[in-house]
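All remarks here apply to the structure that follows.
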Amino acid sequence: SSRPGSSERAEPSSFPRPRPLVCAEESASAMTKYTAFEEDDASDEYRATFAPDEGHYPLGRVALLPEDVEIDDDGAAIVFVFPREEREGGTIDPDVEKESAQEEAKKIFRKAIDKDEMPPPAFDGDISEGEYQEWVRQEFLALLRRGGLHCSSRASIDEDEVFLKVSFSRSDKDQRLSDVAEHYRYMMPVNKLPAGMTTQINNLGQRVPLYIEHGEEVKDCVERFRHVDRIRLLLRWLHDQVDMEAMIHQGIVRMHFPAATYKDLKALNKTWANIMQVPCLPTPADLDDVRNYFGEQIAFFFAWFGTYNKYLFVLAVAASISSVREYVYQWAGKWVLNAFAVFLVGWVATFNELFKRRSSRCKQVWGMKDWDSQQANTLPDFDPDTAGTNLEKMYRLAATSCVVLYVVVFAGAILGISLVNKNMRDAGDMRLAEWSPIVISVLMKVSSFTWSKFAIKLIRWENHRTEARFNDSLAWTLASVKLFVALFPFANLAFLEYFRVQTCKPTLEEAAVSVYNRSGWPAGTNNSGPLPPYNNTQIDLAFLDRFYQTNKNGLACIAGCYPIECTEEIDNGIPKFLCTTNCWSELQTQLITFYLLQVAASLVFLIIPIILTKVSVTMELAHTQDVSIVSAMFRSFLCMRIGSRSGSSSSDGGHNYSLLQFQAKCHEGASYEYASWGGSFVEDFLDLAIGYSLLACFSQIVPEIAIIGTVCHMI
């Protein structure tokens with residue numbers, strides 16, 4: 001194959017069939033499983049290729065699959081998925097000419113070239129796609145070897161892809177891992193305190209360790225590296241060496257993802273992600289398991305979620321008591337509802353204060369002080385030439401302007417629907433009035449979804465250097481609009497409709513007839529005659545005393561929120577009416593409609609990635625085991641084995657689906673990143689924030705949403 005400085009071109013048929021390799025020496029026990037890459041006299045075409053590992057793997061079970069899978073993680077931290085050439089079922093056409101090969105190669109290795117860790121690529125003459133792929137893979141593996149990393153590879157079940165497993169040494173005394181941790185000033189908990197110092201214990205019985213920067217002089221005093229630490233450090237190192245997004249964009253790599261070990265996966269499924277644990281509130285030990293598997297950021301999410309569910313149960317009990325107000329006298333129902341509103345205010349204040357304490361405790365125990373500085377990877381899209389310039393400031397101002405404009409347009413749409421609804425109602429057409437809760441709820445969901453797609457483009461304009469800054473800006477941009485979208489329609493009904501949509505006529509009677517011409521007089525009033533004629537006395541219209549006023553033009557104006565159902569009471573011989581307004585009724589209907597739609601959408605978006613992953617895996621198994629797709633789908637969703645080879649061990653000649661292939665399908669169909677089926681940290685937290693805001697602001701109107709929220713969150 002062609003290398004820099006060579007003008008020769010390999011024939012298409014010489015695009016190499018890979019063989020196993022490792023990047024650095026492994027222990028004797030590891031060498032029995034992997035074949036080492038040796039600098040022998042073999043053709044250069046084999047230097048940077050990948051092939052199936054001929055080792056035998058034990059079998060295990062994972063969620064969603066009725067099949068046994070080969071446990072092939074081998075402690076890998078990061079896995080790269082490389083496509084193979086078309087004749088082997090892959091996507092690479094080795095014969096096509098590679099355009100701008102030198103510039104494309106520089107995009108991938110720019111960081112290493114800038115640090116003089118490798119020479120710039122210099123291709124003489126034309127180069128094919130196969131040769132270019134081979135050169136990039138060779139240089140990539142050479143980079144991993146120089147970094148002292150361990151690599152092994154194996155093919156997928158249908159042999160159209162190759163999985164490259166990259167990790168530090170499995171030994172806790174790996175010098176390379178210590179060097180990388182020291183280079184990035186990685187914070188680690190101390191397990192051996194100096195004489196005279198004692199371990200602190202908090203009031204939950206948790207040990208509060210001392211965190212220090214990892215270094216050569218303290219490496220024997222700190223705790224062992226967790227798997228998530230290895231992943232985090234390896235990702236930072238890789239990010240500083242190559243542009244992995246450029247490798248994906250150029251088709252060198254299909255994807256890369258952090259690998260989970262089967263041991264950790266099985267333990268987490270047993271103790272935490274278990275259907276039998278649904279009614280149980282998470283404990284500090286559960287949060288430690290989540291933290292050790294997913295990292296501190298996700299664990300912090302579940303800390304908030306667990307605390308929220310715990311106190312939401314208390315609110316649900318109070319809401320259940322308030323919900324029976326409809327079955328008692330209306331005067332008593334009013335006091336019950338007012339008492340619930342007061343309780344809600346106290347609940348919100350208490351929850352916020354208690355979680356502040358919980359948050360501080362988590363930061364202390366997990367060593368999250370200045371945590372963002374440990375996540376300060378420079379983003380691939382960051383343009384240093386634009387940073388700090390007027391152009392960057394203009395982009396950020398434009399992004400803020402878009403936020404304001406979107407909010408104004410949405411508010412205009414809601415107010416417009418309200419105005420059209422009034423005009424249609426005055427004309428005797430009640431169709432929009434009947435459908436407005438659904439129309440507005442759908443508009444809210446569509447507006448929120450549209451903004452989530454648009455916001456990510458705005459944030460990329462702002463040219464943020466690090467992922468932490470990017471996520472902070474994304475969270476603010478999303479929250480400012482999504483919270484407004486979620487709350488404004490209800491705030492409009494609760495506070496603005498009364499003053500904004502008024503019916504004004506020369507007399508109160510004419511105004512009343514205009515308002516009630518279609519729906520009839522409110523239930524519980526003295527009015528029972530037809531509308532018109534105008535034969536109502538002031539006493540007949542007494543229920544409107546608090547709902548109208550005379551404007552400066554002398555017109556009687558009935559408020560936009562007018563009575564639709566009243567109960568008459570006698571107070572010191574004077575009749576008074578307790579009335580329910582149309583705004584109250586519409587607000588209740590709209591709240592329950594939107595909340596149910598929100599719950600349904602959350603469940604749908606939870607189920608879809610599971611189905612997509614299961615379908616993707618099933619189709620691949622059906623293809624490799626010569627089973628019809630329909631039959632495979634039917635058997636898979638009934639939790640039946642798909643083919644006869646399922647369950648045979650690799651040592652028996654069978655080729656089972658592997659754990660890493662399953663993780664690759666999960667990453668491909670439901671990766672945990674923004675705007676994907678798998679959700680993201682920002683989106684998940686924002687969904688909870690929206691639900692919390694609705695409960696805090698409006699559950700005194702519909703207490704039942706607290707009960708619904710409690711059940712759904714527990715599930």
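Along the sequence shown, residues carry numbers from 1.
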Rounded at 0.5 Å granularity, tell me how far [atom1] in [X] sits from [atom2] in [Y].
X      : Y      : atom1 : atom2 : result
Phe82  : Ser153 : CZ    : OG    : 9.5 Å
Leu660 : Asp74  : CG    : CG    : 7.5 Å
Phe163 : Phe80  : CZ    : CZ    : 13.0 Å
Ser169 : Leu177 : OG    : CG    : 8.5 Å

What's the verdict on side-chain hydrogen bond (donor to acceptor under 3.5 Å, both in side chains) for Tyr57 and Arg154, showing C-alpha distance, side-chain angles and the deciding distance?
CA-CA 12 Å; Tyr57 295 97; Arg154 67 170 308 185; 4.8 Å; no

Salt-bridged, [X] to [Y], with N to O below 4.0 Å?
X      : Y      : value
Asp73  : Lys165 : no
Lys98  : Glu131 : no
Glu245 : Lys107 : no
Glu182 : Arg185 : no
Glu462 : Arg469 : no
Asp68  : Arg61  : yes
Glu134 : Arg137 : no

Using every non-hydrogen atom in the two residues, find where Gly60 and Tyr262 come nearest and quote the distance to one decimal.
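Heavy atoms of Gly60 and Tyr262 come nearest at CA-OH, 3.5 Å.
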
Backbone N/O of Phe681 and side chain of Tyr672: donor-acceptor pair under 3.5 Å:
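At least one qualifying donor-acceptor pair exists.
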
Determine whether a donor-acceptor pair (N or O, by modelled atom type, separation under 3.5 Å) exists between the side chain of Tyr132 and the backbone of Ala105.
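Yes; judged by distance alone, with no hydrogens or angles, the pair exists.
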
Partners passing side-chain contact (heavy atoms from CB on, under 4.5 Å) against Glu103 (at least two apart in sequence or in another chain)
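Partners of Glu103 by the side-chain contact (heavy atoms from CB on, under 4.5 Å) criterion, ordered by chain and then number, come out as Ser100.
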
Listed partners of Asn292 passing side-chain contact (heavy atoms from CB on, under 4.5 Å), at least two apart:
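Asn292: side-chain contact (heavy atoms from CB on, under 4.5 Å) contacts with Arg226.
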
Let me see the working for Glu161 and Arg254 under salt bridge (Lys or Arg N to Asp or Glu O under 4.0 Å), right down to the final yes or no.
CA-CA 9 Å; Glu161 297 169 340; Arg254 281 200 62 239; 2.4 Å; yes

Testing Thr618, Leu612, Ile611 for side chain to side chain contact (heavy atoms under 4.5 Å, CB included) with Lys614, which one passes?
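Result: among Thr618, Leu612, Ile611, Thr618 is the only option passing the side chain to side chain contact (heavy atoms under 4.5 Å, CB included) with Lys614.
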
For Ile113 and Met118: C-alpha separation, side-chain torsions, deciding distance, then whether side chain to side chain contact (heavy atoms under 4.5 Å, CB included) applies.
CA-CA 5 Å; Ile113 293 172; Met118 64 176 291; 3.9 Å; yes

Test Thr261 against Ile71 for side chain to side chain contact (heavy atoms under 4.5 Å, CB included), laying out the working first.
CA-CA 9 Å; Thr261 67; Ile71 312 305; over 6 Å; no

Between Leu234 and Ile231, is any pair of side-chain heavy atoms under 4.5 Å apart?
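Counting from C-beta outward, Leu234 and Ile231 never come under 4.5 Å.
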
One pair to check against salt bridge (Lys or Arg N to Asp or Glu O under 4.0 Å): Glu296 and Lys363. What are the steps and the verdict?
CA-CA 9 Å; Glu296 284 75 10; Lys363 291 179 181 179; over 6 Å; no

Taking only residues two or more places apart in sequence, or in another chain, which ones meet Glu217 in a side-chain hydrogen bond (donor to acceptor under 3.5 Å, both in side chains)?
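For Glu217 there are no side-chain hydrogen bond (donor to acceptor under 3.5 Å, both in side chains) partners, ignoring immediate neighbours.
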
Less than 6.0 Å separating the ring centroids of Phe123 and Trp135?
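Yes, ring centres under 6.0 Å apart.
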
